[in-house]
Amino acid sequence: MKLSNKTAIVTGAGNGIGKEIARAFAREGANVAVADLHAAPAEAAAAQIRSEGGRAAAIQMDVTNEDQVNTGVAATVDQFGGLDILVSNAGIQIVGPLHEYAYSDWRKIMAVHLDGAFLTTKACLPHMYASGRGGSVLYMGSAHSKTASILKAPYTAAKHALIGLARTIAKEGAPHGVRANVICPGFVRTKLVEKQIPEQAQALGISEDEVVKRLMLQDTVDGAFTTVEEVADVALFFASFPTLALTGQSLLVSHGWIME
């Protein structure tokens, strides 16, 4: 049980990547707070984890709302007696060319990805520092933390920024035994990706099949989407790593789409 006696909070965990990470952590012995913008998917995911023999609580949380973040983190600590792992996974996507992009949409992307990472980290770190056990902060980056694609300027900018944030937390957290790392998946066929396939097809005047083959999977080594299980395996690896030897790093899990 790699995470026995650990407590994790995973944002955006009502479905997709976040949900699979929460399930993987619970299978390895962690108490898991399933945080999501909407109560129903958070409750359903927590219930599924409990049905599988894990320990989980549902937390309704808008990661851009400081009061909700602080309340959710405090509730997690109250219920489970501490906090050891943060997975800042909540994310959204709005595609479009930059010269037509609405500033309000730019701010939405930045608020969820960057403000959310900042607010959850700020709320969690004091508990990690005070425990004497250290901790692990994980940000859900993207292959777009390392490269760029058309129609995704704010998303790419935000995902690049998460690497800088993680490196800073790695240095600040080291005296307290806290590590910080970034997971960088390729295209995972979640609701977020399913939504952007027709949007990109319309914007570029190509078919949805061409979006998948030419824009998403063409440069992978096997023409395959990354799976939620593969991302969860990387999250578990980072979360359970025992020393500060692995901190301030970013790891691509993209079927070879990006190699570095």
Side-chain angles (χ1 to χ4, degrees), residues 1-65 68-69 71-93 112-113 116-117 119-120 123-124 127 135-142 181 183 185-196 224-241 253:
M1 303 292 276
K2 296 178 181 178
L3 299 179
S4 181
N5 300 317
K6 302 292 187 181
T7 295
I9 185 165
V10 184
T11 69
N15 55 64
I17 292 172
K19 179 180 177 180
E20 191 60 33
I21 290 173
R23 293 178 65 210
F25 283 9
R27 285 194 298 268
E28 290 295 333
N31 307 309
V32 182
V34 178
D36 199 89
L37 177 63
H38 303 292
E43 292 284 359
Q48 181 177 352
I49 290 170
R50 292 192 293 268
S51 74
E52 295 168 345
R55 296 180 298 276
I59 303 288
Q60 185 174 6
M61 180 190 293
D62 177 351
V63 297
T64 71
N65 183 304
Q68 287 190 28
V69 169
T71 298
V73 170
T76 300
V77 173
D78 288 344
Q79 179 162 349
F80 295 121
L83 183 60
D84 305 280
I85 303 161
L86 164 66
V87 182
S88 177
N89 166 76
I92 61 171
Q93 178 63 286
V112 174
H113 291 276
L119 290 172
T120 53
C124 290
H127 299 288
S136 177
V137 174
L138 297 179
Y139 296 133
M140 191 56 63
S142 165
N181 294 288
I183 304 167
F187 284 103
V188 183
R189 200 142 192 175
T190 60
K191 292 179 181 179
L192 196 70
V193 168
E194 290 287 358
K195 177 177 179 291
Q196 64 184 278
F225 281 98
T226 302
T227 69
V228 292
E229 292 83 6
E230 289 164 341
V231 181
D233 284 344
V234 174
L236 180 60
F237 171 69
F238 273 134
S240 61
F241 200 83
V253 50

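Fair warning: this is a prediction, and the values are worked out from it, not measured in the lab.
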- Name all pairs fulfilling the salt bridge (Lys or Arg N to Asp or Glu O under 4.0 Å) condition that reach into residues 8-26, sequence neighbours left out, sorted by first residue then second. E20-R23, E20-R27, R23-E52
- Considering residues at least two apart in sequence or located in another chain, which fulfil the side chain to side chain contact (heavy atoms under 4.5 Å, CB included) criterion with F241? R179, F237, T243, A245, L246
- Message: I'd like to know whether M140 forms a side chain to side chain contact (heavy atoms under 4.5 Å, CB included) with I17, so could you lay out the CA-CA distance, the side-chain angles of the two residues, the decisive distance to 0.1 Å, and finally the verdict.
- Response: CA-CA 9 Å; M140 191 56 63; I17 292 172; 3.8 Å; yes
- So, the side chain of S4 versus the backbone of M1: is there a donor-acceptor pair under 3.5 Å, distance only? no
- Query: Which is it for F25 and V87 under the side chain to side chain contact (heavy atoms under 4.5 Å, CB included) test, yes or no, and what are the steps along the way?
  - Reply: CA-CA 11 Å; F25 283 9; V87 182; 3.6 Å; yes
- First locate atom CE of M61, then atom OG1 of T71, and finally report the distance between them rounded to the nearest 0.5 Å. 8.5 Å
- Please confirm whether the backbone N or O of F238 pairs with a side-chain atom of N181, one donor and one acceptor, at under 3.5 Å? no
- Message: How long is the straight-line distance from CD1 of I9 back to OG1 of T76, given to the nearest 0.5 Å?
- Response: 4.0 Å
- Message: Please check: side-chain N/O of T11 versus main-chain N/O of A90, any donor-acceptor pairing under 3.5 Å?
- Response: yes
- Which atom names give the shortest non-hydrogen contact between A26 and G54, and what distance separates them? CB-CA, 4.3 Å
- Message: Which heavy atom of N15 sits nearest to which heavy atom of K191, and what is that distance?
- Response: ND2-NZ, 4.3 Å
- Note on the structure: Of all heavy-atom pairs linking V69 and A123, the shortest is CG1-CB, 3.9 Å
- Message: Could you report the tightest heavy-atom contact between Q196 and F187, atom names first, then the distance?
- Response: OE1-CE2, 4.2 Å
- Query: Does the pair E194 and R189 meet the rule for a side chain to side chain contact (heavy atoms under 4.5 Å, CB included), with working shown?
  - Reply: CA-CA 6 Å; E194 290 287 358; R189 200 142 192 175; 2.7 Å; yes
- Item | Heavy-atom neighbours of D233 CG exceed 12 at 6.0 Å | yes
- From L86 CG over to H127 NE2, what is the distance, rounded to the nearest 0.5 angstrom? 11.5 Å
- Query: Any idea which heavy atoms bring C124 and L83 closest together, and the distance?
  - Reply: SG-CD2, 3.2 Å
- Message: Just to verify, which of V228, T227, V231, T190 counts as forming a side chain to side chain contact (heavy atoms under 4.5 Å, CB included) with P185?
- Response: V231
- Message: With salt bridge (Lys or Arg N to Asp or Glu O under 4.0 Å) as the rule and sequence neighbours excluded, what pairs involving residues 75-85 come up?
- Response: D84-R133
- Task: Hey, could you give me the CD1/OG distance between I183 and S142, rounded to the nearest 0.5 Å?
- Result: 12.0 Å
Just distance, no hydrogens or angles: give the donor-acceptor pairs under 3.5 Å from side chains in residues 32-44, sequence neighbours left out.
residue, atom, partner, partner atom, Å
D36, OD1, G14, N, 2.9
D36, OD2, H38, N, 3.1

- Checking side chain to side chain contact (heavy atoms under 4.5 Å, CB included) for the pair V112/T64: CA distance, chi angles, key distance, verdict? CA-CA 6 Å; V112 174; T64 71; 4.0 Å; yes
- Mind checking side chain to side chain contact (heavy atoms under 4.5 Å, CB included) for K2 and listing every partner two or more places apart, or none if nothing turns up? E28, L236, S240
- Query: Who pairs with N65 by side chain to side chain contact (heavy atoms under 4.5 Å, CB included), at least two apart in sequence or on another chain?
  - Reply: D62, D67, Q68
- Roughly how far, to the nearest 0.5 Å, is CZ of F80 from OG1 of T7? 6.5 Å
- Minimal heavy-atom distance between A45 and A13, with the atoms involved, is CB-O, 3.6 Å
